[in-house]
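Working notes, beginning with the structure itself.
Since this is a predicted model, take the numbers as computed values, not measurements. Both backbone and side-chain heavy atoms feed into the values below; hydrogens, waters and symmetry mates do not.
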Amino acid sequence: MTDTIEVTKDEESASQVPNAWRYTIKKIADLLPNVEDLKTADVGGFKGVSDDDASRINESIASYGCTLTSLHSDTWATSVVQWMGGYWDVIVDLNTLEEGPSDLAMLLRVRESDGGYVFEIVSVHVP
């Protein structure tokens, strides 16, 4: 049985990614291999990216040199969220075909909005 991870606002320590966000985050990560989809994606709560951001994300993925795949269920054991006093930063470990769990990560910023959440990609990089 999987533990339920709730959304919390703890500025002192990072926690696991809340269950309520995992579906959306997985859908966003699934868009990364074709960054053009990031600009027009219809994923609830996802704030699409600009042309410049799409280009920057594409360059980061290309320079890493591996093929991104869907997030594995074990991603949630190593990905973290931290309340920053007005939003959450979420670091999601990405998976590649060649490596499985990789060093490449997606940084998201999540804000509350009208009873829901807005997700924004900040970067894709090796921390």
Side-chain angles (χ1 to χ4, degrees):
M1 183 170 155
T2 303
D3 292 334
T4 300
I5 309 299
E6 300 291 336
V7 177
T8 62
K9 294 179 179 177
D10 181 353
E11 291 185 49
E12 301 302 318
S13 62
S15 62
Q16 289 184 299
V17 176
N19 296 76
W21 296 355
R22 293 179 183 188
Y23 177 82
T24 300
I25 292 171
K26 181 180 182 331
K27 290 296 186 186
I28 294 168
D30 286 346
L31 298 170
L32 291 174
N34 183 6
V35 295
E36 287 299 311
D37 292 343
L38 289 173
K39 295 189 275 186
T40 59
D42 185 18
V43 175
F46 174 59
K47 177 183 177 187
V49 300
S50 67
D51 288 339
D52 287 343
D53 287 344
S55 177
R56 186 174 41 84
I57 290 167
N58 193 45
E59 287 174 20
S60 293
I61 294 168
S63 69
Y64 189 74
C66 292
T67 309
L68 290 177
T69 61
S70 292
L71 297 181
H72 299 168
S73 59
D74 57 352
T75 295
W76 307 119
T78 59
S79 298
V80 296
V81 59
Q82 177 73 49
W83 175 246
M84 304 303 289
Y87 57 86
W88 293 268
D89 275 343
V90 183
I91 300 174
V92 179
D93 295 325
L94 299 174
N95 295 280
T96 66
L97 185 62
E98 296 83 359
E99 304 171 307
S102 74
D103 292 333
L104 197 61
M106 175 174 58
L107 173 60
L108 296 165
R109 187 148 292 154
V110 181
R111 290 177 167 50
E112 292 177 297
S113 175
D114 299 326
Y117 299 97
V118 174
F119 296 79
E120 174 186 2
I121 296 177
V122 175
S123 68
V124 174
H125 66 281
V126 175

Hey, what do you get for [atom1] ([X]) to [atom2] ([Y]), rounding to the nearest 0.5 Å?
| X | Y | atom1 | atom2 | result |
| --- | --- | --- | --- | --- |
| S79 | L108 | OG | CG | 9.5 Å |
| T4 | Q16 | OG1 | CD | 11.0 Å |
| R22 | W76 | CZ | CH2 | 6.5 Å |
| T69 | L97 | OG1 | CG | 6.5 Å |
| D30 | I25 | CG | CD1 | 12.0 Å |
| L71 | I28 | CG | CD1 | 10.0 Å |

Main-chain N/O of A14 paired to Q82 side chain as donor or acceptor, under 3.5 Å: yes
Polar side-chain atom of Y64 near backbone of V126 as donor-acceptor pair, under 3.5 Å: no
Could you pull out the closest heavy-atom pair between [X] and [Y], with the gap in Å?
| X | Y | answer |
| --- | --- | --- |
| A105 | L94 | C-CD1, 3.9 Å |
| C66 | E98 | CB-OE1, 3.2 Å |
| E12 | D10 | N-OD1, 2.8 Å |
| W88 | T8 | NE1-O, 2.7 Å |

Are side-chain heavy atoms of [X] and [Y] found at a separation under 4.5 Å?
| X | Y | result |
| --- | --- | --- |
| L68 | L104 | yes |
| P101 | D93 | no |
| K26 | T75 | no |

side-chain contact (heavy atoms from CB on, under 4.5 Å) between L107 and I91, worked out: CA-CA 5 Å; L107 173 60; I91 300 174; 3.9 Å; yes
Sequence-distant partners of S63, side-chain contact (heavy atoms from CB on, under 4.5 Å), two or more places apart: none
Cluster check V49, V92: I/L/V/M/F/W/Y, side chain < 4.5 angstrom: yes
Common cluster, W21/V43, ILVMFWY with side-chain heavy-atom separation under 4.5 Å: yes
Show every donor-acceptor pair shorter than 3.5 Å between a side-chain atom in residues 111-123 and any protein atom, with sequence neighbours excluded, or say none if there are none.
unit_1, atom_1, unit_2, atom_2, d
E112, OE1, K9, NZ, 2.8
S123, OG, H125, ND1, 2.8

Residues I5, V17; criterion side-chain contact (heavy atoms from CB on, under 4.5 Å); working and verdict: CA-CA 7 Å; I5 309 299; V17 176; over 6 Å; no
Considering only distance and modelled atom types, tabulate donor-acceptor pairs under 3.5 Å from the side chains of residues 31-39, sequence neighbours left out.
unit_1, atom_1, unit_2, atom_2, d
N34, ND2, D37, OD2, 3.3
E36, OE1, K39, NZ, 2.8
E36, OE2, K39, NZ, 3.3
K39, NZ, D51, OD1, 2.9

